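These numbers come from a predicted model, not from an experiment. Whatever order the structure lists ligands and atoms in, that order sets their numbers, starting from 1.
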Amino acid sequence: MSKKPFYITTPIYYPSGNPHIGHCYTTVACDSIARFKRMQGYDVMFLTGTDEHGLKIEQKAYEKGVTPKEFVDEVVETFKKLWKYMNIDYDRYIRTTDDYHIETVQKIFKALYDKGYIYKGEYSGKYCTPCESFWTDSQLDENGCCPECHRPVTFAKEEAYFFKMFPFAERIEKLLTETDYLRPKTRATELVNNFIKPGLEDLCVSRTTFKWGVPVTFDEGHVVYVWIDALSNYISALGYMNDKYNDFDKFWSADVHMVAKDIMRFHAIIWPAILMALDLPMPKHLAVHGWITFNGEKMSKSLGNVVDPFVLGERYGCDAIRYHILREMALGADSSFSNEIMINRINADLANGFGNLVSRTVAMADKYFGGTLPTEREADALDEEFKSTVVSVFFEVEKYMDETKIKQALEEIFKAVDRANKYIDETEPWKLGKDESKKAKLATVLYNLLEAIRIISALLSPFMPTTMPKVWEQIGASESDVEYGKLSAFGVLPENVTVHKGEILFPRIDVEKEIEELNSIIKKNMENAQSELSAEEKGESKEIELAPEITIDDFAKVEIRVAKIISAEKVKKSDKLLCLQLDDGMGGRQVVSGIAQYYTPKDLVGKKIQLIANLKPVKLRGVESFGMICAADTPDGVKVIFVDDNIPVGAKIR
Ligand code: MSP
């Protein structure tokens with residue numbers, strides 16, 4: 001019989017910076033579910049990847065002096081290195097710069113256009129360049145700045161394609177409120193009240209202001225804007241509308257898309273709408289988890305409090321880190337990362353709890369029976385109760401994993417660990433070992449413990465895949481002994497099983513020493529981050545040295561006029577200069593400006609600026625310049641001072 005398919009995905013991450021513990025969480029969670037499903041006998045497709053287009057990447061590459069592709073290639077390597085390090089067993093890795101994905105995106109865009117779901121219009125509003133987002137006035141923060149990064153926004157207008165959302169509103173609402181798609185379902189209310197009830201807005205799906213994206217095939221100058229490009233990865237990676245793969249029919253629709261709350265809306269509303277427009281079946285579940293914060297604060301590079309999984313893995317092993325983050329985060333809620341909690345948890349659950357259970361059991365089998373159990377048994381009610389408790393855990397874990405509740409599944413497994421350690425205290429094998437007549441009883445106890453460890457370790461193996469094979473080695477379990485079908489009953493290991501003492505699985509951590517060291521790493525990172533911030537960003541007022549005082553008459557000598565940029569092009573053989581043609585209300589003029597590193601012609605054409613109109617003409621790189629445009633020096637580079645579109649060309653500024 002062919003295996004049942006199971007398809008699970010992580011978000012595709014932006015390779016704009018190195019991955020941190022937050023990215024790690026989603027990927028480890030999906031990896032654990034994928035491994036669990038493989039263990040259950042499913043034919044699993046586990047997809048992860050990177051979302052590599054967009055203005056931010058284009059800008060970062062520019063700052064580094066490399067091409068966007070060179071930039072992402074390097075970061076993607078770090079992502080892949082981390083996944084290897086964390087023992088992530090993905091089946092496929094998609095990059096949105098892969099040719100086959102680009103082909104799919106272009107075909108999807110065209111198909112939606114042909115069906116009338118995508119139309120051309122104009123986007124105008126407040127625009128945040130770093131976040132590549134337009135915002136409505138009501139969305140801006142209390143200072144009128146971007147609600148996400150809190151930087152100033154500019155008024156912008158551009159021709160763009162839009163995706164019609166309205167036709168799908170009713171079906172999406174039903175999907176969210178009447179099906180088991182959204183997990184936890186409690187989040188449906190906020191989505192319905194905030195987005196669907198007020199009327200779904202059409203989605204802007206193309207841009208003309210940057211180039212680093214998938215070109216729209218039928219309208220030069222437009223690139224597909226983020227969400228159609230990004231979300232389509234889930235189907236292009238299976239071969240939808242491309243020839244690279246051909247398992248779309250087998251694996252679609254997805255069983256689980258896992259994301260954090262930041263991108264819930266895109267997966268709960270926009271992705272279903274795109275699929276509906278394409279007449280494709282809905283994914284089965286969207287599992288939404290919260291944020292990992294650091295001691296309750298949002299992790300951010302500029303604060304220097306980003307938790308680096310490489311640093312932690314190096315010190316405690318990747319399984320301990322996997323376990324800790326999975327055990328801390330419940331679907332839906334945030335989870336505050338703290339070094340103290342992590343170390344205490346590793347010590348309590350892994351070193352003292354599970355690790356100790358294995359080492360004590362193996363050591364006793366070794367001590368009392370030379371490593372090989374005799375076959376005589378003598379059981380009583382306590383043994384039966386112990387066995388049934390461990391077996392019941394198996395069924396609970398299975399149920400929780402079906403509901404993508406990893407934290408609860410792990411809690412269940414550790415109930416079995418605690419029960420097994422208690423069973424040792426209750427049966428006191430060290431006393432049985434001293435009494436020749438109790439050998440059968442002792443063998444029963446040790447056999448039950450080994451069996452409990454077999455079941456527990458097999459259930460833990462999807463979460464801690466590096467360590468569990470070492471446990472199997474120690475308890476004498478073969479590969480087939482830990483198959484899923486054998487985890488709901490005792491009596492699988494041979495009666496005369498032979499154990500092998502091995503290395504300590506999870507060494508106890510010296511809490512004080514480690515916390516001191518980890519805190520000093522974080523402190524150093526924070527100090528570095530702080531010293532990289534400009535005085536302004538730190539909130540300090542800067543000592544600014546002003547030019548010598550002038551009178552109003554001096555100022556009146558400067559003729560500043562509003563002008564509109566009609567066209568712009570790079571000055572040949574110069575990286576810095578742009579040659580601008582301006583409508584100055586006086587017949588037009590040419591100005592050369594040193595802004596080519598910060599603006600492309602597309603960013604400028606149609607915008608109004610402040611022109612110093614009576615400056616003595618000069619030649620720059622052989623090109624004549626009749627004036628200068630005003631710009632500000634900022635920590636993020638030079639910013640042109642744009643003028644509100646309502647002010648007429650030629651108006652005098654004073
Ligand atoms: N590229 C988009 C996703 C497109 S999916 C079609 C994107 N990328 S991202 O790099 O910003 O990744 C966001 C995701 O990374 C979150 O949804 C979450 O899965 C993970 N996390 C990043 N930081 C996180 C935390 N601090 N805590 C938990 N998960 C976080 O959005």
Quiz item: Which one of W227, Y14, Y25 has a non-hydrogen atom at the shortest distance from atom 10 (O) of ligand 1?
Solution: Y14
Practice problem: Would you kindly specify which portion of H20 sits under 4.0 Å from ligand 1, judged on non-hydrogen atoms: side chain, backbone, both or neither? | Solution: side chain
Quiz item: Step by step, would you call F218 with Y161 a ring-ring contact (aromatic ring centres under 6.0 Å, His included)?
Solution: CA-CA 12 Å; F218 53 90; Y161 285 92; 5.7 Å; yes
Exercise. Kindly say whether the aromatic ring centers of Y323 and F506 come within a distance under 6.0 Å.
Key: no
Quiz item: Between D262 and ligand 1, which part of the residue brings a heavy atom under 4.0 Å of the ligand: side chain, backbone, both or neither?
Solution: side chain
Quiz item: Hey, looking at atom 6 (C) of ligand 1, which of W271, F337, F79, Y234 has the closest heavy atom?
Solution: Y234
Quiz item: Backbone or side chain, does any N or O of D51 fall under 3.5 Å from an N or O of ligand 1?
Solution: yes
Self-check item: K244 bridged to D99 by N-O distance under 4.0 Å
Solution: no
Quiz item: What heavy-atom pair brings F210 and V223 nearest, and what distance separates the two atoms?
Solution: O-CG2, 3.6 Å
Exercise. With heavy atoms only and a cut-off of under 4.0 Å, state how M299 meets ligand 1: side chain, backbone, both or neither.
Key: side chain
Exercise. Measure the acute angle between the ring planes of F168 and F163, then classify it against the limits of 30° and 60° as parallel, tilted or perpendicular.
Key: parallel
Self-check item: Where ligand 1 meets G290 - atom numbers and elements under 4.0 angstrom, heavy-atom basis
Solution: 28 (C)
Quiz item: Can the ring centres of H20 and F337 be said to be less than 6.0 Å apart?
Solution: no
Quiz item: Nearest protein heavy atom to atom 20 (C) of ligand 1, by residue and atom, and its distance?
Solution: T26 OG1, 3.6 Å
Practice problem: Could you say whether the N/O atoms of P11 and ligand 1 ever approach to under 3.5 Å? | Solution: no
Self-check item: Interfacing atoms of ligand 1 (cut-off 4.0 Å, heavy-atom, H267)
Solution: 5 (S), 6 (C)
Quiz item: With a 4.0 Å heavy-atom cut-off (strictly under), which part of H289 contacts ligand 1: side chain, backbone, both or neither?
Solution: side chain
Practice problem: Around atom 12 (O) of ligand 1, find the nearest protein heavy atom and jot down its residue, atom name and distance. | Solution: Y13 CD2, 3.6 Å
Quiz item: For ligand 1, is any non-hydrogen atom under 4.0 Å from I292's backbone (N, CA, C, O), its side chain (CB onward), both, or neither?
Solution: both
Quiz item: Short list, please: which atoms of ligand 1 are under 4.0 Å from a heavy atom of A260?
Solution: 16 (C), 17 (O), 18 (C), 19 (O), 29 (N)
Quiz item: Below 4.0 angstrom, N of the basic side chain to O of the carboxylate: do R315 and E517 qualify?
Solution: yes
Quiz item: How far is atom 31 (O) of ligand 1 from its nearest protein heavy atom, and which residue and atom is that?
Solution: I263 CG2, 3.5 Å
Self-check item: Electrostatic pair K298-D334, nearest N-O below 4.0 angstrom
Solution: no
Quiz item: So which heavy atom in the protein is nearest atom 25 (C) of ligand 1, and how far is it from that ligand atom?
Solution: W291 CE3, 3.0 Å
Quiz item: At a 4.0 Å cut-off, with the gap strictly under it, does some heavy atom of K298 reach an atom of ligand 1?
Solution: no
Exercise. Specify the protein heavy atom at minimum distance from atom 3 (C) of ligand 1: its residue, its atom name, and the distance to 0.1 Å.
Key: I12 O, 3.2 Å
Self-check item: Considering all heavy atoms, the nearest I270-M165 contact
Solution: CG1-CE, 4.0 Å
Quiz item: Can any side-chain N or O of E158 pair as donor or acceptor with the backbone N or O of T208 at less than 3.5 Å?
Solution: yes
Quiz item: Does the gap between the ring centers of W271 and Y234 come in under 6.0 Å?
Solution: yes
